[in-house]
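Heads up, the thing below is written out as structure tokens.
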Amino acid sequence: MEQREDAVVTIPITTADKEGETKVKATISSLPPELYLKIFKCLDRASPVCFGLAAKKFYPIHKEFRGLVPLTACCPQVPSRSGGRILFGLLKEWIKETGLVFSGAELKFITLEKKSKMKEDDFIWGFYNWRSFDQSPLAKKLVKAKGARRLEILRDEKEAGGWWEKGVWIDGQERGKGGQRWVELTYEGVEFEGIGDGGTEHSWI
């Protein structure tokens, strides 16, 4: 998981002089700090993480502005039904070289060995408890994780002020629609088991 010292993205900056317009190319890292903050303020919770991981210079800004962000944070303004707009989906290719994979039950990146062991243990449990297979420890974790993911998505929708529904952006302020949808959000954040447990596994980034 390499972080570049400097982003290679170039942007055209147009300046006017006495002889006319002149275009100058500059790296995004050469922008003044106040512009970084303005950019970060326009982004959802998931996007600044990707921005911060693009170069070492940006990550401290992300940490100061957003702090720790759960891997289940999303980009609510992206009209996608796939996991590509969820943070763990956005980071999947970036973290692949470490050998870690995302666990839907743990809501964090774990080793392949641990994920395989979880499935194996679940299979063995189900073999001896086949009448109540849906009550296995893994099944219970998945149900709890699904609820936690839903709450994080609602939190991001509330911050964005709306959500996508069948390809149409719904304004949460219109006729109190958001109040009805976000009624579950009666707290400042969502906590998951295993947060801050150290090691190579990550729930937040």
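What's counted below: heavy atoms across the whole structure, side chains too, no hydrogens, waters or symmetry copies.
By the 4.5 Å heavy-atom criterion applied to side chains, Trp125 and Ser136 are counted as neighbours. Counting heavy atoms from C-beta outward, Leu37 and Ile61 have side chains that approach closer than 4.5 Å. In this structure, Leu91 and Leu53 have side chains that are in contact, with non-hydrogen atoms separated by less than 4.5 Å. Contact annotation: the side chain of Tyr36 approaches that of Lys57 to within less than 4.5 Å [non-hydrogen atoms, C-beta and beyond]. Leu138 places none of its side-chain heavy atoms less than 4.5 Å from the side chain of Asp121.
The pair Lys115-Glu106 does not count as a salt bridge, with every side-chain nitrogen at least 4.0 angstrom from each carboxylate oxygen. Remark: Lys96 engages Glu93 in a salt bridge, criterion side-chain N to carboxylate O under 4.0 Å.
At most 12 non-hydrogen atoms from other residues, nucleotides or ligands lie less than 6.0 angstrom from NZ of Lys92. In the displayed structure, Glu34 atom CD is contacted under 6.0 Å by more than 12 heavy atoms of other residues, nucleotides or ligands.
Considering all non-hydrogen atoms of both residues, Cys75 and Ser47 come closest at SG-OG, 3.7 Å. In plain terms, the two heavy atoms of Leu87 and Cys50 that are nearest each other are CD1-SG, 4.3 Å. Smallest separation of non-hydrogen atoms from Leu71 and Lys108: CD1-CA, 3.8 Å.
Met118 and Val143 fall into different hydrophobic clusters, where Ile, Leu, Val, Met, Phe, Trp and Tyr are joined by side-chain heavy atoms under 4.5 Å apart, directly or via other members.
Partners of Phe51 under the ring-ring contact (aromatic ring centres under 6.0 Å, His included) rule, at least two apart in sequence or in another chain, are Phe40, Phe58. With sequence neighbours excluded, no residue forms a side-chain hydrogen bond (donor to acceptor under 3.5 Å, both in side chains) with Ser103. When the side-chain hydrogen bond (donor to acceptor under 3.5 Å, both in side chains) test is applied to Asp171, no partner is found at least two apart in sequence or on another chain.
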